[in-house]
Structures are given as structure tokens and as C-alpha cells.
Number of protein chains: 2
Amino acid sequence: MLEPVTLAQVAREAGVSPSTVSRILNGTANVAPDKRVRVEAVIARLNFRPNPQAQALAGGRSLTIGVVTPSLHSTFYGEALAGIEAALNDTPYHPIVISGQWRTEREQEALNVLLARRVDAVILLGGIVDDEVLRPLAQRVPIIAVGREVQGLGESCIVLDNALGMRLIAQHLLSLGHRQFAYISGAERQSDAMARKAAFLSCLHEAGLTPPPALMEVGHYLEDGGQGAAERLLATGLPFTALVCANDQMALGARLALYRAGRRVPDDVSLTGFDDVVTSRLMTPPLTTVRQAIYDIGVSAAHEALKLLDGQPAQRHVFTPELVVRDSTAPPRRPS
Amino acid sequence: MLEPVTLAQVAREAGVSPSTVSRILNGTANVAPDKRVRVEAVIARLNFRPNPQAQALAGGRSLTIGVVTPSLHSTFYGEALAGIEAALNDTPYHPIVISGQWRTEREQEALNVLLARRVDAVILLGGIVDDEVLRPLAQRVPIIAVGREVQGLGESCIVLDNALGMRLIAQHLLSLGHRQFAYISGAERQSDAMARKAAFLSCLHEAGLTPPPALMEVGHYLEDGGQGAAERLLATGLPFTALVCANDQMALGARLALYRAGRRVPDDVSLTGFDDVVTSRLMTPPLTTVRQAIYDIGVSAAHEALKLLDGQPAQRHVFTPELVVRDSTAPPRRPS
DNA sequence: TTGAAAGCGCTAACAC
DNA sequence: GTGTTAGCGCTTTCAA
């Protein structure tokens, strides 16, 4: 195992002091052109890269940004991670990602690990950990929350207009003539899940409709949850011509339940999602949903983190969703 | 921003020297029981966690394992990442993941960044970077290659029996009575893609069949690639009753092309994948494929990396795939 | 068994 | 502009 080159070696070879090399590396101060040229040549020749651990220790910054995601193998959060990584690409910062695996205590531990690693900032993707936990943490490190409102975190939340998104879906289905709805929600403790559900219900109320409680199910935003919920909905025997899912992943699970039950989409049941993850356009039939520019949201989150680190104030973002009509919705066969 | 607790503070509060605290932390030497108790109490009270940067600098190990993945939002590699993360969970090591975005130069850069970060080992998931690049790297840091053979890397490759997997698929379709096949392959430069293709062709030859070259397409292992390839296959006008895809993601894309073309699955065309990613059982119809325990492969990769770091020799793993028959395959309607 | 002291590779005052 | 000098928080000889 070859030993890595150090800054001291570079300095020696170039006949300058370590500080000069450091200054050139960081642009901290002016350096005479001839020395700069000499040093840069040596750096290139030796293929020198500064040791980030040493930089972190000496500089008090670790040049890393911690990211907590509920899951590493989620189509949805995966896109956000890709956006974050891309946005950090041309900066000295690097993301370090830990998953909370949809469990509160794991998420807590993930945050602790990141703190121990002395990350310079934290980006929290969704997540189920309590606001109470986050607030004290925000005293130790700048936090950007994505897809959730954290009371007391001020402007550093990046959210989607969930109510608008769900209204677009509901109005689309209502205008197709649907009157009998079933709904699969995310978990109670997730603020965006509650926002979507509330918007759905209020839209229906405005149209003079109230879905029976038995047709309001919970699927925890996961594929399996959506499948189970759809199975329970079908088992009620209650009629519905449209099945509204609070995210695309649950719609995918629900699709399987409908397939197994022999219900055709959209002929027998119209199906909708929320998020427009990459795989939704590949479903059979392609899914009508609401586009949440999750990759861009990831990019924004990274930018906000960088701004915070640069001493600038964070700026609240509210992304606007967009209806994407595909083949999974159609007028009900027998309008009731 | 509260200042983190340091080892020196702990030592002072407990009335011992820093070295003693360090020894307790690392189990490096025996410590008198009473001091140990006192120190541990202080650690707990102050919620002290050692600074990993400082540990890295002083100890010469960064306690991180670099992971290079082609993509952060891939159902397939996402599972592997989850496996790696889980396996490292109860160790002092942490993964740091960088994506190569399916581009050689990015992958190279990812490896360089990880080296600069002084990772203690590297796990390379698939990837398209040349073996030539990997071999010198292996001198600087232990490397585990997953899903590809790297000549010269010795035992530290974890692979799947691709030939067996493809044989299972081909034999399944042949036994259903299919005689007219189309095939969508991964890229030329990926050794596993070539292994699967070779196995497919040899299986067909044994059955006395040779698919026309126009029905052998390339889809680069991605959804869009599969869709495009399937569109080109359909455009040839040549008949085929079974469409074999070298991975599930391409099968998903191909499914959309078939849907758009009005070809029913499996009535008009039987469709198969490879990998059994989590979403394949959720396709409409659920996909017949070959299961590659990718999560477990991730776990193994992490274990091998830990063994290497522990000075033990790596051990070559060859995982055995398993046929998973679902609804996307059926006998051809008009056996030709 | 324990403490003192040196040093990991770098940055940042501080002088010159 | 540039070099010298202290550390950053930890581990690890080396003595005691």
C-alpha cells in the first residue's frame, strides 16, 4: 500500500513553506506567480490531494454535509439524493448519507452519527423523527428540512404545496365524472401526508361528497402498504370508481392488488399517485400523478445548505406541483 | 452552535489522563476497574463521541469504506447499498457512497475522491471503469468488486453465476414452447452483460435455434434503453413470442413499449427480466425473472471488506441465482 | 497500570 | 508576500 503524498512533501519539493502551499490550495492569500506555478507543477506531478481529515481537524470544518434519508432504495428519495450529490459536485463539500430505515430510533441515531462525524450541515429528507428532537439539534449544526415543516427551524424548510397537488388530482377525477372515491394515505405522523389527506377531503366536501370512513385507508407511503391497503379496500365490498393514493409507491402496490382482484385500470377503477417518480411513467398503464420535481428539490436543499455555511440566511422554498395525466385515469364506466 | 465535547474534557472531569480515556475507548490496554467506571460515567453524562477526523488522523485509519455505485437512484444498486449499510451498522466503519452516473470519467473521479478521503477500503458496485484502472488502485487500498470480474484482483470479487441465471430463463421459455426470441442486452463493456448474452445464445443453439441478428438489441441496463430497444425490435416487423431482457430495469422499459404497441403480456409476448428487483413483483403483470439476492450480495461485500481490513484474506463468492416464475410468461399462442 | 510527550497533515494567526 | 509557530482531537510509543 503506497503512502499518500502530504502537503509537507509538496512544500519541500517546491522549495517553499507549507503555509504557501496551503494558501495556494485554499486561495487564502496572494502568492507570487512564480512560486504558485512551481507549487502547482509539483502538486500535479505528485498527484497530491490534501487529506480531508487533517483539513477538517485544522480548519474546524469537515467539508461534509450529512444527509438523512428514510431509505436508500426508494425511487423517490433516491432522486433527491442524486440531486444533492449533483449540486455538491463542484464544491469542496461531499454528502455523507445515512438511512433511517423508516424507524424513529434509527433516524435519531443517524443524526447522532452525523454530529459525531462533525458534518458541517445536515439535510433531512422527510423523516419521522419528532420536531422536538430537531430543534435542539439545530443549535449544534445548520439543518435543512426537506418535505416537512419543522416548527422553529425558520426558513430552512423546503416543501411542496401538498394541498395544491392533491387538489389537482381531485379536480381531475371529479371533472372526469367520478363520485365514488377510495383513498390511501401516508402515516399520521407525517405532516405532508396529513396535508394531502386534508386537501383531498376538503375538495370532495366542496363537491358535496364524503367518502365512507371504510374507504379511507393508510399505506405508510410504501409499496407493500399500498398493496395491503388496496386489498382491505376491495374487501369492504363498497363501490369506488377512483382510487387515490397519497404517493406513487403506494399506487404501485395498489396496482398489484387491483390486478390480482381482476379490476382493470382505468376501465373499472381509475388510479392516481403523487410525486411522479421515474418509474410511474413505466407502469401499465402509465400512472396519472402530480409531479414533484424531487431531483430539483434535492438540488435546492444542497444550495440552501451551502448558503447557510456561507453565512447567508436560508430562504424558504415552496415548490409547485404539476398535474401529469397519463392512462391510469378515465371517466367511470357507470357514473353513479 | 454548541462546541462538541472532547476527549481531553472527559479526561479532566474523570481525573485521568487522555491516554487512559483513549485506552478505554479502544480497548487497547487494561485499565483499573474503578477508573474505567468513572470514565464511562463521564462519557455517558457528557454524551461524548470521539471525533472521527481526529481518530483518522492519529490512527491512520479513516474508519470509512468508500462505495462506488453507478447510480444513486437505481432499484438494483439501491438494494446493494442498503445491504452494505446494514452490514456496517454495528462496526466502527461507515460507508461513504459516490455515484459514477454510468460515466467512465465520473467513476474514475469517484475513485480518486475516495482515495483522497483516505477510505480504508473500496467497494465497487458493477461499474464500467476499466480493469486497467482498478489494478494500480488496488495497490493503494483494498478493493472489493461486486458483480464483475476484475483480472488481477484475486479473490476479492463477488459475482453471480450469470450463465446459470440466463440458462434458467431460456430453459423456462423453451419448455413453454417458445421458439422465436428477441433479446435486449446490457452494454458490450460489462462482463456480466456479455456472460448473460453468451449463455442465452448457447442455450438456444443447443435447442437448434439462432435468433436473427436484428432481434438482438442493446439497452444498457436502463429503463429507457429497454424501452428504446423494444421499440426497435417491434419496428423490425420480425415475429417473436418471447422477449428476454438482460435485467429487470430494461424489462420495465420494454413493458411500456409493448403496452404502447398494443402487444399484450403474456398473451402476445412473454417477457422476462433478470435480478428480481423489488418492483418486479409489482409490475403488471408481475415479471418472471431470476432472483439475484442483491441485498445479501451487498452484505457479503461489506463483510469481505471488513475481513480485508482485519488482515484476513478475501474469499471469492459466487452467488447462485434462482428462477422466479410469475405472470409475464406463458406458452406462445401459436407455437411456430 | 498509567501519564507525559510526540505527532498524524493540515490551517491560521503572527511576525517579518 | 512568506515563513515560523501553534494547535485541531486523537492515538501511541516510551518511561515510570
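Below, read A as the first sequence line, B as the second, and so on, with proteins coming before strands; counting in each chain starts at 1.
Checked options Leu137(B), Val119(B), Ile123(B); the residue passing with Leu114(B) is Val119(B) (criterion: side chain to side chain contact (heavy atoms under 4.5 Å, CB included)). A side chain to side chain contact (heavy atoms under 4.5 Å, CB included) with Cys157(A) is found for exactly one of His317(A), Arg316(A), Gln151(A), Glu304(A), namely Arg316(A).
In the 5' to 3' direction, nucleotides of DNA chain C lying under 4.0 Å from heavy atoms of chain A begin and end at dG9(C) to dA13(C).
When rounded to the nearest whole Å, the span between CD1 of Ile24(A) and C1' of dG1(D) equals 11 Å. For Arg61(B) and dT11(D), the CZ to P distance is 9 Å, given to the nearest whole Å.
Using modelled atom types and a 3.5 Å distance limit, the side chains of Gln312(B) and Asp310(B) yield a donor-acceptor pair. Ser17(A) and Thr20(A) share a donor-acceptor pair across their side chains, judged by distance under 3.5 Å alone. Under 3.5 Å, the side chains of Glu85(A) and Ser99(B) contain a donor-acceptor pair of N or O atoms. No side-chain N or O of Ser71(A) forms a donor-acceptor pair with one of Gln101(A) less than 3.5 Å apart.
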* To do: Summarise protein proximity over nucleotides 3-9 of chain D in one line of letters, 5' to 3': B for base, S for sugar-phosphate only, - for none, counting protein heavy atoms closer than 4.0 Å.
  => BB--BBB

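In this structure Asp296(A) satisfies the salt bridge (Lys or Arg N to Asp or Glu O under 4.0 Å) test with no other residue, sequence neighbours excluded. With sequence neighbours excluded, the residues satisfying salt bridge (Lys or Arg N to Asp or Glu O under 4.0 Å) with Arg189(B) are Asp130(B).
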* To do: Please step through salt bridge (Lys or Arg N to Asp or Glu O under 4.0 Å) for the pair Arg36(A) and Glu40(A), ending with a clear verdict.
  => CA-CA 6 Å; Arg36(A) 143 164 281 123; Glu40(A) 279 170 349; 3.7 Å; yes

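Rounded to 10 degrees, the angle separating the terminal helix axes of the helix from dT1(C)-dA16(D) to dC16(C)-dG1(D), each built from five base pairs, is 40°.
Residue pairs satisfying the salt bridge (Lys or Arg N to Asp or Glu O under 4.0 Å) criterion with at least one member in residues 11-23 of chain A, sequence neighbours excluded, are listed as follows: Glu13(A)-Arg45(A).
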